[in-house]
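To start, the structure itself, in structure tokens.
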Amino acid sequence: MIIRFLQRHREASVALIIIFLFAILGLVDRSYFSIDTVLLVYGNSLILFVLAIGATMVMATHGLDVSVGSIMGLAAVVAGLLMNAGWAIPSAIGVALLIGLVCGLFNGALVSLLNVSAIVATLGTLGLYRGLVHLLSGGAWIEGLPEGFKALTKAGSLGLSPVAWLVLALLVVAHFCLRYTAFGRSMFAVGDNREGARLIGIRVNEVQIAAYGLNGLLAALAGVIFASQIGFIPNTAGTGMEMRAIASSVLGGVSLLGGTGTVLGAALGAYFMTSIDSILVLLRLQAYWNDIIAGAILLVVLITDGKIREAVDRLLRYQKYRKFIDPQAAGQQPAGSVRVARSRQAALETSEVSK
Amino acid sequence: MRLHPALKRWESVLALLLIAEILLFGAINPVFLQPATLLYATSDFIHVGITALALTLVIITGGIDLSLGSVMGLSAITLGILWVAGIDIWVAAALALVVGTLGGVLNAVAIHLSKVNPLVITLGTGFLYGGAALVLSGLAGATGYEGISNFDPAFVNLANIEVLGLPLPFALFLVLTAAFMALLHRTRFGRYVYLIGQNPRAAAYAGTPVFRTLVVAYALTSLMAAVSGLILASYFGSARSDFGSTALMPAITAVVLGGTSIYGGSGTILGTALAALLVGYLQTGLQLVGVSSHVSSALSGGLLVIVVALRSLTEMGRVWIQHRRVLRNVAAE
């Protein structure tokens with residue numbers, strides 16, 4: 001039963017490992033599960049949550065977007081410049097989000113219509129959008145953002161800021177959209193088998209472009225949150241975030257080969273990436289230990305997950321062919337079938353070796 | 001119109017682009033055409049080229065290495081730590097190269113053990129090595145961006161020594177280009193690299209030593225990244241943990257622009273070498289003309305997008321023309 005479940009839910013094994021790690025943390029320090037700590041880590045991981053939703057969508061279509069860090073920076077700079085030029089906060093944010101959407105759609109068009117491989121296309125736009133950031137800001141930091149804008153990420157009702165509520169809602173909506181709506185499922189279908197998806201009538205190109213567009217939109221939102229949280233916008237805003245977003249999604253069980261993954265898993269991954277900071281505090285280590293611990297955990301999780309998947313596959317294959325390998329188990333088999341069983345077993349073993 | 005086969009190759013297009021680029025910048029600013037400028041400008045970007053040469057092997061096998069930027073920083077910091085600990089600078093450099101190579105071996109072993117996509121594994125090891133570099137520099141008390149300096153003058157001068165009139169890093173790049181061309185295009189190992197990239201399963205069935213080949217390819221990439229880290233340490237006279245953070249994307253750009261398929265199975269060393277020079281001179285040229293370095297990086301990103309999109313479009317066009325020809329022949333019968 002458990003094996004079937006693991007087979008059906010690709011993200012479950014990773015989620016189990018993460019929950020196990022959380023449990024260890026909780027044992028080391030009881031305060032880890034206190035409301036305050038949870039709220040603090042949640043507040044610190046807002047940006048990563050938003051990016052992870054986008055990364056999940058793009059990776060579901062068997063894509064990859066490494067330009068999200070630059071889109072973040074671009075959106076933050078645009079929003080900052082407009083607000084400092086006297087625009088109202090909502091319209092400035094709206095324009096920033098629109099810019100993110102356009103950037104994402106451009107990525108999608110490159111990948112889908114021009115058939116450029118996802119990593120190459122977004123690698124190019126990574127440089128392109130970052131250059132636009134520098135062009136727009138003229139190389140200077142943007143400071144003096146309006147107080148009303150900064151207040152968006154100040155704690156409000158129930159200890160959560162308005163933006164934190166928005167992100168919570170986004171997580172829930174995105175999770176259900178990706179799992180239970182036709183549009184969400186079509187993304188996974190495209191990622192799993194592009195040609196097959198086309199044959200059952202999914203508009204493959206549109207779905208792919210939409211995934212990148214939404215990802216751009218979310219990256220822009222992350223940029224706006226970033227600007228609101230730290231209160232000024234450096235030129236390097238968002239640099240390196242793409243790797244963190246991909247890492248959290250992968251940690252949460254989203255496959256880079258497309259077709260599997262959930263927003264819930266990705267959110268767990270993002271939460272975990274951020275809570276490494278609090279592990280450091282618990283272990284009384286300096287902040288520079290962050291990356292090495294993140295990397296080590298990521299590797300351990302990935303390798304463990306790979307091993308679990310291998311074991312599950314082997315068990316399933318064993319059950320499928322058990323009656324050929326072990327005639328006793330299957331009961332009344334004709335005597336002749338033993339030889340067949342031998343060759344089946346041999347075939348099974350060679351296919352094991354080749355994988 | 002029949003073109004000579006050599007002219008149809010992607011490398012000749014790149015070479016023409018490179019010449020056109022140099023002439024164009026030379027027309028705007030004659031300083032650019034002076035041999036000294038052309039040669040010493042390479043010192044700013046040649047570390048990317050050296051890493052890209054070896055990365056070509058990994059990408060041809062169908063893999064990728066996102067950890068090489070971190071390895072650059074790690075090797076530089078290892079050198080710095082050992083030097084501060086009072087070890088001879090040449091021994092320290094050798095140990096830094098060993099550390100880098102081990103990183104590559106670990107990449108290959110992790111990929112082999114977990115059978116997870118190399119992109120994901122090297123993303124993880126990238127965090128690991130980058131984190132290790134940060135921890136090492138933190139333990140040595142080198143605060144963030146200052147790094148470790150005061151190296152042996154003999155080591156610092158290394159980046160400025162001339163070999164046959166060429167700056168040493170550039171000379172090293174040329175020698176390595178020749179070595180990698182021989183390795184990839186003239187040895188059995190090179191054929192294995194292509195075979196694995198074309199079809200890993202067929203390669204395994206054919207008895208190709210897949211694991212051993214991958215270990216060598218990833219180890220070479222990390223070794224070259226470590227060499228680049230040392231070159232940077234010598235060039236700047238200091239070692240910092242974040243040396244390679246900006247080198248990863250340009251290195252992948254050079255490989256892809258050089259005509260290597262990101263899906264593996266095809267590509268050449270010469271293409272990568274030419275593309276590395278093309279992108280590097282574009283950056284320096286734009287800076288000489290007076291464009292800020294950030295905008296020039298945007299333009300090289302734009303160049304990558306345009307070139308790859310054009311290649312993809314011509315491929316689609318070629319297929320379309322072929323289809324039309326076939327259809328017309330069928331209709332004629």
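So you know, we letter chains A, B, ... as the sequences are listed, proteins then strands, and number each from 1.
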Enumerate donor-acceptor pairs with a distance under 3.5 Å from any side-chain N or O in residues 258-268 of chain B to protein atoms, sequence neighbours excluded.
from      : atom 1 : to        : atom 2 : distance (Å)
Ser261(B) : OG     : Tyr263(B) : N      : 3.1
Thr268(B) : OG1    : Glu11(B)  : OE2    : 2.4
Thr268(B) : OG1    : Gly271(B) : N      : 3.2

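Between Met72(A) atom CE and Ile233(A) atom CD1 the span is 10.5 Å, to the nearest 0.5 Å.
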Stepwise, does the side chain to side chain donor-acceptor pair (under 3.5 Å) test hold for Asn205(A) with Ser112(A)? CA-CA 6 Å; Asn205(A) 284 342; Ser112(A) 168; 2.9 Å; yes
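At a 4.5 Å heavy-atom cutoff, the contact between Ala121(A) and chain B is made by backbone atoms alone. Within the 4.5 angstrom heavy-atom criterion, atoms from both the backbone and the side chain of Leu123(A) approach chain B. Heavy-atom distances place the side chain of Val256(B), and not its backbone, under 4.5 Å from chain A.
At least one donor-acceptor pair under 3.5 Å links the side chain of Thr208(B) to the backbone N or O of Ala203(B). Checking side-chain atoms of Ser248(A) against main-chain N and O of Gly269(A) turns up no donor-acceptor pair under 3.5 Å. Formation of a donor-acceptor pair under 3.5 Å by the Ser45(A) side chain with backbone atoms of Leu48(A) is not found in this model.
Of the listed residues Val135(B), Val305(B), Leu113(B), the one with more heavy-atom pairs under 4.5 angstrom with chain A than any other is Val135(B). Taking Ile246(A), Ile303(A), Leu128(A), Leu132(A) one by one and counting their heavy-atom pairs under 4.5 Å with chain B, the maximum is reached by Leu128(A).
Applying a 4.5 Å heavy-atom cutoff, the residues of residues 117-134 of chain B that approach chain A are Asn117(B), Leu119(B), Val120(B), Ile121(B), Leu123(B), Gly124(B), Thr125(B), Phe127(B), Leu128(B), Gly131(B), Ala132(B), Leu134(B). Using non-hydrogen atoms only and a strict 4.5 Å limit, the part of residues 64-74 of chain B facing chain A consists of Ile64(B), Leu66(B).
Residues forming a ring pair (Phe, Tyr, Trp, His ring centres under 6.0 Å) with His134(A) (at least two apart in sequence, or on another chain): His294(B).
Of the candidates Val120(A), Ile119(A), Thr122(A), Ile119(A) is the only one forming a side chain to side chain contact (heavy atoms under 4.5 Å, CB included) with Leu64(A).
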